[in-house]
Amino acid sequence: MTDPKMTEETLETEENVVHEGVHNYSSEDEWVKPEDPLILERLEWFKDQKLGLMMHWGPYSQLGVVESWALSDGDADWARDCIDWGVDGEELKREYFDLDKTFNPIRFQPEVWADLAAEGGFKYLTFTTKHHDGFCMWDTHTTDYRITGPDTPFHRHKYADICRNLFDAFRARGLAISTYFSKADWHTQDYWAPGMERGEKMWRGPSYDPKEYPWLWEKFVRFTHEQITELMTRYGRIDMLWLDAGWVNERSGQDIRLGELVDTIRREHQPWLLSADRTVGGAYENIITPEQTLPERPLNVPWESCITMGTSFSFNYEDRYKSVRELVHLLVEIVAKGGNLALNVGPQPDGRLPRAAIEGMKGLGAWLNVNGEAIYGTRICEPYVSEDKKIRFTRKGGAVYAIRLYEEGETVENELVIPAIGEFKRASLVGTDGELPLRGTEAGVVVTLPESADAAGAPIALAIRLE
């Protein structure tokens, strides 16, 4: 199913970017330090935030299947495992692209989502304005395939322009806005053009070689620039442009002139804008974005892991959600390695958030309400983890935080031995008043924990402040 006009090198590059819908991530060596002082300042701001809410939502949520990917014949071997109602590829595409005609999330309440995010301790929102399927969740003027389009019943609703209402609600609660945008668009005929060499067998790339049809590719580039410009000029302050579909890049012959666009937006509209051109490297991948994984070691560049609260990015009717303990431990592990957690929740097709997701968000927020001092605004502290992997370290100002992670049913020790990472005169339990008894040993410092720490069974995690 390969396009004869696509070179082996291009195909290899494209395949390496994504495996079964999961992106790889760039190395530290591929990160380019920006020259603009304001962008450097904003990257320090980003590293302070630690916790973002990611949301994949669109017409595909009605089916409870993976977002977009089942459309790609080149990814059918894994992406169509969930397609169990006996349709072939072409019928599936027709059914999928018609989902806009039934997408009517009348129980959507942006203020409720924003309140839950604020209560959960989230500091920014990364929302899917458009996934690879091309459906736009804002009132774009470029296509009728949008949430406010005439074929979409929700277009009459007071919250029809979902992006505008979400962004306004989250900003009102002090959260920053990051716009997820797919550089690929499988709905527009400027990308998946009919009658080309690939015939009906589509892949994640265009149906034609841009070098052979430069006029058609230029139409797609203008289309993409216009859509991003709409989001950057009509929807208030945007803190980050989070770009997916890493196979769309200059190396693969799919040059959308992203640098030209980002430079213009920064110069004329949003000078503080961060750009996350994931997996591409270079000057416009300000933030590295591992997906469903964590780096094995700390990274000394800005990064965030986008990880699902359940098992999938889009809503799944039978999904299994991580416990609050798992979420806290995940966040601590990421922060100790110098990163942010972009925790993904897939809203239901009716506009509500799943009950299990709400419970997870509230539980995470309850822990952060007590222990957030050891998380927000911190930086890497060597060695980041104890040898027994029970303690993670962070630092802020003159304080070092030792965060002891507890498994379900584990007993809190009377004395906590913290490995030697420096000399300290005072120790205290974050979220409480008063100092803890502290003494030095060859193995490190020994902190006597209060009896109250184990009063309600094993805590999720305790944060000890060392000064």
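All residue numbers refer to positions in the sequence shown, counting from 1.
Leu294 approaches Leu330 most closely through the heavy-atom pair CD1-CD1, 3.7 Å. The two residues Phe170 and Ile177 come nearest to each other via the heavy atoms CB-CD1, 3.9 Å. Across all non-hydrogen atoms, the minimal contact from Leu43 to Pro302 is CD2-CG, 4.0 Å. In this structure, Asn165 and Ala160 approach most closely via the heavy-atom pair ND2-N, 4.3 Å. Here the closest heavy-atom approach between residue Lys337 and residue Pro295 is recorded as NZ-O, 2.6 Å. Contact record, Ala399 with Glu467: CB-CG, 4.1 Å, taken as the closest heavy-atom pair.
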Between Ser26 and Glu285, is the side-chain hydrogen bond (donor to acceptor under 3.5 Å, both in side chains) condition met? List the steps. CA-CA 9 Å; Ser26 301; Glu285 189 176 11; 2.7 Å; yes
Worked verdict on Arg164 versus Asp139 for salt bridge (Lys or Arg N to Asp or Glu O under 4.0 Å): CA-CA 8 Å; Arg164 181 175 305 283; Asp139 186 28; over 6 Å; no
Given side-chain contact (heavy atoms from CB on, under 4.5 Å), test Phe46 with Leu274 step by step and report yes or no. CA-CA 9 Å; Phe46 176 80; Leu274 297 177; 4.0 Å; yes
For the pair Lys123 and Asp239, evaluate salt bridge (Lys or Arg N to Asp or Glu O under 4.0 Å) and give the outcome as yes or no after the intermediate values. CA-CA 12 Å; Lys123 299 301 181 181; Asp239 294 276; over 6 Å; no
Glu410 and Arg404: salt bridge (Lys or Arg N to Asp or Glu O under 4.0 Å), yes or no, with the steps? CA-CA 12 Å; Glu410 191 174 1; Arg404 168 67 159 96; 2.8 Å; yes
Salt bridge (Lys or Arg N to Asp or Glu O under 4.0 Å) between Glu359 and Lys362, worked out: CA-CA 5 Å; Glu359 292 172 355; Lys362 289 186 173 183; over 6 Å; no
Run Asp277 and Lys183 through side-chain contact (heavy atoms from CB on, under 4.5 Å) and show every step you take. CA-CA 9 Å; Asp277 192 15; Lys183 294 179 293 182; 2.6 Å; yes
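Using a cut-off of 4.0 Å between Lys/Arg side-chain N and Asp/Glu carboxylate O, Asp100 and Arg146 are scored as not salt-bridged. Salt-bridge formation is not detected for the pair Glu413/Lys390: no Lys NZ or Arg NE/NH1/NH2 atom is positioned less than 4.0 Å from an Asp or Glu carboxylate oxygen. Looking at Arg278 and Glu291, a side-chain N of the basic residue comes within less than 4.0 Å of a carboxylate O on the acidic one, giving a salt bridge. For the pair Arg379 and Glu44, the salt-bridge criterion is met [side-chain N within less than 4.0 Å of a carboxylate O].
Other residues, nucleotides and ligands contribute only 12 or fewer heavy atoms inside 6.0 Å of the CD atom of Glu387. Sparse packing is recorded around CD of Glu250, with 12 or fewer heavy atoms of other residues, nucleotides or ligands lying under 6.0 Å away.
Taking 4.5 Å as the limit, some side-chain heavy atom of Val280 sits within range of a side-chain heavy atom of Arg251. Looking at Arg392 and Leu405, their side chains come closer than 4.5 Å, going by heavy atoms from C-beta outward.
For the 3.5 Å distance criterion, the side chains of Gln292 and Thr308 qualify, holding a donor opposite an acceptor. For the residue pair Ser386 / Asp388, a side-chain donor-acceptor distance below 3.5 Å is found, with atom types taken as modelled. No side-chain N or O of Ser182 forms a donor-acceptor pair with one of Asp244 less than 3.5 Å apart. Between the side chains of Asp185 and His132, not a single donor N or O lies within less than 3.5 Å of an accepting N or O. Residues Thr102 and Gln62 have side chains that bring a donor and an acceptor to within less than 3.5 angstrom of each other. His131 and Tyr60 are not linked by any side-chain donor-acceptor pair at a separation below 3.5 angstrom, with hydrogens and angles left out of the test. Ser323 and Arg325 share no donor-acceptor pair across their side chains, judged by distance under 3.5 Å alone. One side chain, Asp75 or Trp78, offers a donor N or O that lies under 3.5 Å from an acceptor on the other. Looking only at atom types and distance, the side chain of Glu230 has a donor-acceptor partner in the side chain of Thr140 under 3.5 Å away.
Under the 30°/60° scheme for interplanar angles, the aromatic rings of Tyr159 and Phe108 are found to stand perpendicular. Between Phe167 and Tyr235, the ring-plane angle classifies as perpendicular under the 30° and 60° cut-offs. Aromatic ring pairs are classed by plane angle as parallel below 30°, tilted from 30° to 60° and perpendicular above 60°; the pair Phe103 and Phe135 is perpendicular.
A side-chain donor-acceptor contact under 3.5 Å links Asp350 to the backbone of Arg352. Judged by distance alone, with hydrogens and angles left aside, the side-chain atoms of Trp186 form a donor-acceptor pair with the main-chain N or O of Arg204 at under 3.5 Å. Checking side-chain atoms of Lys47 against main-chain N and O of Asn340 turns up no donor-acceptor pair under 3.5 Å. Judged by distance alone, the side chain of Ser314 and the main-chain N or O of Gly346 form no donor-acceptor pair under 3.5 Å.
With respect to Val446, the side chain to side chain contact (heavy atoms under 4.5 Å, CB included) criterion is satisfied by exactly one of Leu438, Thr441, Leu416: Thr441. With Leu429 as the partner, the side chain to side chain contact (heavy atoms under 4.5 Å, CB included) test is satisfied by one option alone out of Val447, Leu436, Asn371: Leu436. Screening Asp263, Leu243, Leu241, Val32 for a side chain to side chain contact (heavy atoms under 4.5 Å, CB included) with Tyr284, the sole residue that qualifies is Asp263.
Aromatic ring centres of Phe127 and His56: separated by at least 6.0 Å. Taking the six-membered ring for Trp, Trp57 and Trp113 have ring centres closer than 6.0 Å. Outside the 6.0 Å centre-distance limit, the rings of Trp272 and Trp45 are not counted as a close aromatic pair. For an aromatic pair to be called close, the ring centres must be under 6.0 Å apart, and Tyr317 with Phe315 satisfies this.
Applying the ring-ring contact (aromatic ring centres under 6.0 Å, His included) test to residues at least two apart or on different chains, none of the pairs has a partner in residues 353-399.
Taken to the nearest 0.5 Å, the CD1 atom of Ile147 stands 4.0 Å off from the CD1 atom of Ile162.
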